[in-house]
Amino acid sequence: MRRLAILASAIVAVFALPALAGATIAFNKYTKAAGNPTVHLADDDGTGVRALGVKGIEPVISPNGQWVAYEYITNMEKWTRELRMVNVATGGVVDANFYCGGPVWSPDSSKVLCSTTSASAKGDVTGIGLSSVTTGGAATTIVKATGNMVGGYTWSPTGTQIAYAWERFPGTLTGAQLRIANADGSGPVRIGLGSMPVWGPNALAYVRETVGHAAGQPFARNQIWTVNPSDPSSAKQLTNYTGKGLIQGPTPIAWSRDGATIVANVIGEDYLQPAYIRIADGRVRPFGPSNALVAAISADGTQALVGANILGGGKEAAYASPLGKMASSLLLKDAASLSASATWQP
């Protein structure tokens, strides 16, 4: 479950592609063939589907829609991967030449934050770090992987700062420190305890975990907190979610532009449900399909891009799900690993 929660990211080839202006959704379209799945683009409403001309997993489109970052699997048996980026208009591919997963784009679409890993000679993981990589392929180590554990990261709205959760590897459920630093990682300042930060217009949303018990075993419980990054004393609990059984609780995914709403994923054992939280009251309100995850919020903050049929048993699909309603509109069939640009508005 922790992996799922965290499961919130040099030129190798240039080839001719037609200009694909207006793309706002990136996704994987799986086939039965083994290997890297194809990366596709679509317009706001799911029409205009076209192949981007590259293969890889977990494609993430930049806020301006001009780049897609993804992970290319170099060895399926050993599951070795490397970060790549493709220019939507030209097809130019940039290869970071190392693994850096879970990319999160800067607001100006010039670079990503992404997580690195280290391993022992036997292949055992020895740490999870944090780096930034520009669209030119230049990488900066923010937190080295060995001996460290980074549990979530985010950009400030201006792109001049970052927030991330840190603790010593292998970490605990409750001991992560929330840190603010300059964009290059310099000057880190601890502002409290928490993980999985998402920076909004006026505050950071993040998770604080407590350890409860379910089915006779210890089990993490999530609550969302908020804090003004410049005032650590302002930290306060936003949600008071009462999980049942093995439902862990909400994890923030994105803020609305006005800072009034957070979309989140409520996760648990064999349980995934999109939800939204109004800052005014902190209530966790489910919406959209079950067995689904929020990928993005629309530009006007009224609906979310949601991926459904995540936990097996059916083909994954993309929906536009209005906040406050369980009914959704199908956008894409056989579409997985969804992401949307900042202008997405179905």
Expected output: side-chain Ser341 to main-chain Gly65 donor-acceptor under 3.5 Å: no
Thr80 and Thr74 side chains, donor-acceptor separation under 3.5 Å: yes
Short side-chain to backbone donor-acceptor contact, Arg278 and Val284, under 3.5 Å: no
Approximate separation, where rounding is to 0.5 Å, of Ser339 OG and Trp344 CH2: 11.5 Å
Evaluation steps, side chain to side chain contact (heavy atoms under 4.5 Å, CB included), between Ile279 and Asn202: CA-CA 11 Å; Ile279 302 303; Asn202 306 307; over 6 Å; no
Side chain Trp255, main chain Pro201, donor-acceptor under 3.5 Å: no
Audit row: Val68, Val54, side chain to side chain contact (heavy atoms under 4.5 Å, CB included) steps and yes/no: CA-CA 10 Å; Val68 174; Val54 297; over 6 Å; no
Distance-only polar pair, side chains of Ser109 and Asn64, donor-acceptor under 3.5 Å: yes
Short side-chain donor-acceptor distance under 3.5 Å, Thr251 and Asn265: no
Distance-only side-chain donor-acceptor flag, Ser290 / Gln273, under 3.5 Å: no
Side-chain donor or acceptor of Asn28 paired with backbone N/O of Thr38 under 3.5 Å: yes
Donor-acceptor pair, side chain of Ser118 and main chain of Gly127, under 3.5 angstrom: yes
Thr140 (side chain) donor-acceptor with Asp184 (main chain) under 3.5 angstrom: no
CD1 on Ile180 to CD1 on Ile162, rounded to 0.5 Å: 8.5 Å
Under 3.5 Å: donor-acceptor pair, side chain of Thr126, backbone of Thr146: no
Under 3.5 Å: donor-acceptor pair, side chain of Gln223, backbone of Tyr241: yes
Separation between CE of Met85 and OG1 of Thr134, rounded to the nearest 0.5 Å: 6.5 Å
CD1-OH distance between Ile61 and Tyr70, expressed to the nearest 0.5 angstrom: 13.5 Å
Short side-chain to backbone donor-acceptor contact, Ser328 and Gly288, under 3.5 Å: no
Parallel, tilted or perpendicular: ring planes of Tyr206 versus Trp225, cut at 30 and 60 degrees: tilted
More than 12 heavy atoms from other groups under 6.0 Å of CZ on Arg285: yes
Heavy-atom donor-acceptor pair, Thr24 side chain to Asp44 backbone, under 3.5 Å: yes
